[in-house]
Amino acid sequence: MNLKEKIKRVTPPVLIDLARCLQSELNSRAEWEYIPEGWNYAMSHPEVKGWNVQDVLEAYKQKWPQFVAMINGTGPLGL
């Protein structure tokens with residue numbers, strides 16, 4: 001039995017659930033962020049790229065054949 005298993009045996013389940021919840025919150029990142037200056041901030045800060053990057057285009061190009069295959073035919077859409 002390793003240390004992690006020993007700790008799980010003596011820790012109340014409510015604390016384990018709380019730890020998982022906190023870990024999930026720490027690992028998640030904001031998808032949207034409020035910027036008080038609005039679009040002016042994005043125009044004046046080059047580090048703000050949004051969707052206008054090569055990686056986004058490459059990801060869509062890679063997924064395109066699978067998308068086309070899923071929408072072809074007369075069956076139900078499997079999207």
| query | Applying side-chain hydrogen bond (donor to acceptor under 3.5 Å, both in side chains), which residue pairs with at least one partner in residues 53-70 are found, sequence neighbours left out? | reply |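 Listed by first then second residue: Gln54-Glu58.
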
Under 3.5 Å, side-chain donor or acceptor atoms of residues 40-48 against the rest of the protein: list the pairs with distances, not counting sequence neighbours.
from: Ser44; atom 1: OG; to: Asn40; atom 2: O; distance (Å): 3.0
from: Ser44; atom 1: OG; to: Tyr41; atom 2: O; distance (Å): 3.3
from: His45; atom 1: ND1; to: Tyr41; atom 2: O; distance (Å): 2.9

Mind listing the side-chain donor-acceptor pairs of residues 3-13 below 3.5 Å, one per line with the distance, residues two or more places apart or on another chain?
from: Glu5; atom 1: OE1; to: Asn2; atom 2: N; distance (Å): 3.3
from: Thr11; atom 1: OG1; to: Ile7; atom 2: O; distance (Å): 2.6

